[in-house]
Amino acid sequence: MAEPLFDRIALIGIGLIGSSLARVIRRERLARRIAIATRSPETLERARALGLGDAYSLDAAEAVQDADLVIVSVPVGASGSVAEQIAGTLKPGAILTDAGSTKGSVIRAMAPFVPEGVHFIPGHPIAGTEHSGPDAGFAELFEQRWCILTPLPDTDPQALARLTNFWERCGSKVDIMDAEHHDMVLAIVSHLPHIIAYNIVGTADDLETVTKSEVIKYSASGFRDFTRLAASDPTMWRDVCLHNREAILEMLARFSEDLSALRRAIRWGDGEALFALFARTRDIRRSIIEAGQEVDAPDFGRHVVAHHPQTPQPEEG
Ligand SMILES: NC(=O)C1=CN([C@@H]2O[C@H](COP(=O)(O)OP(=O)(O)OC[C@H]3O[C@@H](n4cnc5c(N)ncnc54)[C@H](O)[C@@H]3O)[C@@H](O)[C@H]2O)C=CC1
Ligand SMILES: O=C(O)C(=O)Cc1ccc(O)cc1
């Protein structure tokens with residue numbers, strides 16, 4: 001059996017991402033000990049009841065003591081305050097990383113608190129679901145998914161190799177890029193789709209000519225896919241919007257321009273323009289399938305039911 005990669009891993013935040021990490025770390029024996037810290041007592045108790053770790057604390061500073069790898073998986077707006085809390089007890093030589101959906105803001109918020117001798121390597125697993133909390137996680141979440149690492153210019157290559165190895169042992173493929181590029185790419189492939197979903201579901205909810213029961217009744221159409229995304233955690237997505245503001249605004253501006261062109265084509269009955277766009281976008285989906293990426297909305301809800309048939313989800317926070 002392979003040696004554990006780390007002696008002690010500390011997980012700060014034990015929601016969907018933190019608890020999925022706990023489960024895969026356990027399954028793959030990636031650490032001898034898992035220490036868990038989170039902010040709310042209810043979530044911590046739930047993590048304990050699920051047996052996700054070896055030590056539990058409401059104090060992040062306590063949890064990171066002696067940890068060789070610290071993974072912060074909290075809403076991105078909380079990453080600075082977590083860094084401030086743990087700064088004094090991080091072990092020299094430890095690797096500090098995170099799972100946040102935005103990277104520039106996380107670096108700006110956390111880096112000032114990282115002590116000399118601690119290797120800070122921000123990260124982002126491109127894997128998730130619309131569910132949140134410790135019950136929602138599952139060990140297979142990261143399998144065959146990309147994890148993007150955004151090291152800083154002075155990052156130690158050995159620490160980077162160790163963290164890359166960790167994510168690969170979790171089942172992920174690892175890519176490395178700078179934070180600014182990450183934020184631009186993710187704005188279009190992840191943040192905008194969620195914003196559009198929140199918007200369209202809100203628009204449908206506001207309609208006066210179509211009743212709520214009709215929206216529910218006939219939603220076995222494209223609308224249903226949007227409702228899945230629009231069911232994602234409000235705190236997490238509020239923070240993403242507030243902390244990747246520039247890139248999201250840039251992509252929204254482009255989106256609005258293209259939407260205006262599409263609107264014009266519909267108004268003027270320009271079938272050729274409509275057909276040309278729809279044919280081009282169909283090719284994109286074909287390329288995704290050819291590249292071997294999963295494209296159908298994964299019914300990750302099944303995992304929640306399969307793992308914990310009757311457990312209610314605790315309040316987050
Ligand atoms: N949900 C998703 O699909 C994905 C989320 N992410 C990112 O991962 C991070 C975590 O997301 P999830 O696990 O989905 O969220 P979640 O809502 O399931 O869990 C968040 C956890 O952070 C804790 N928390 C909140 N504020 C805290 C604080 N100040 N100190 C300590 N703990 C605190 C909560 O109690 C909870 O345990 C976020 O930054 C998110 O952007 C990344 C990839 C996918
Ligand atoms: O549920 C989905 O379809 C997602 O897109 C999950 C997701 C949410 C946020 C991320 O930063 C990465 C992945």
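Just so you know, ligand 1 is whichever comes first in the structure, and atom 1 is the first atom listed for that ligand.
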State whether the shortest distance between N or O atoms of Ser101 and N or O atoms of ligand 1 falls below 3.5 angstrom.
yes

Give the atom numbers and elements of ligand 1 that come within less than 4.0 Å of a heavy atom of [X].
X	answer
Ile14	21 (C), 37 (O)
Thr43	37 (O)
His124	42 (C), 43 (C)
Ala127	43 (C), 44 (C)
Gly100	39 (O)
Val82	30 (N)
Arg39	26 (N), 27 (C), 28 (C), 29 (N), 30 (N), 31 (C), 32 (N), 33 (C)
Ser132	16 (P), 17 (O), 18 (O)

Less than 4.0 Å is my threshold; does some heavy atom of Gly133 fall inside it relative to ligand 1?
yes

Looking at [X] and [Y], does any basic side-chain N land under 4.0 Å from a carboxylate oxygen?
X	Y	value
Arg145	Glu168	no
Glu250	Arg254	yes
Asp156	Arg162	no
Lys173	Glu143	no
Asp7	Arg33	no

Among side-chain atoms of Arg264 and Ser260, is any donor-acceptor pair under 3.5 angstrom?
no

Distance-only side-chain donor-acceptor flag, Thr89 / Gln65, under 3.5 Å
no

Where do Glu257 and Arg263 land on the salt bridge (Lys or Arg N to Asp or Glu O under 4.0 Å) test, with the steps shown first?
CA-CA 10 Å; Glu257 254 183 53; Arg263 197 167 155 222; over 6 Å; no

Select the closest option to [atom] among [options], judged by heavy-atom distance.
atom	options	value
atom 7 (C) of ligand 1	Ala78, Ala99, Ala63, Ser79	Ala99
atom 38 (C) of ligand 1	Val76, Thr129, Val74, Ile71	Val74
atom 2 (C) of ligand 1	Asp98, Ile126, Leu16	Leu16
atom 37 (O) of ligand 1	Ile17, Thr38, Ile36	Thr38
atom 3 (O) of ligand 1	Pro75, Gly128, Gly123, Ser40	Gly128
atom 3 (O) of ligand 2	Met236, Arg228, Glu130, His191	Arg228
atom 20 (C) of ligand 1	Gly13, Ser73, Pro125	Ser73

Counting only N and O atoms by type, is there a donor-acceptor contact under 3.5 Å from the side chain of [X] to the main-chain atoms of [Y]?
X	Y	value
Ser20	Phe138	yes
Lys103	Gly123	yes
Ser232	Glu130	no
Asp233	Ser132	no

Heavy-atom distances under 4.0 Å are what count here, so tell me which part of Arg145 touches ligand 2: side chain, backbone, both or neither.
neither

Under 4.0 Å from ligand 2, counting heavy atoms only, is it the side chain of Trp237, its backbone, both or neither?
side chain

Looking at ligand 2, is there an atom of it that comes within less than 4.0 Å of some heavy atom belonging to Val240?
no

Approximate separation, where rounding is to 0.5 Å, of Leu11 CG and Ile17 CD1:
11.5 Å

Side chain, backbone, both or neither: Met236 near ligand 1, heavy atoms under 4.0 Å:
side chain

Show the atoms of ligand 2 that are less than 4.0 angstrom away from any heavy atom in His124.
10 (C), 11 (O), 12 (C)

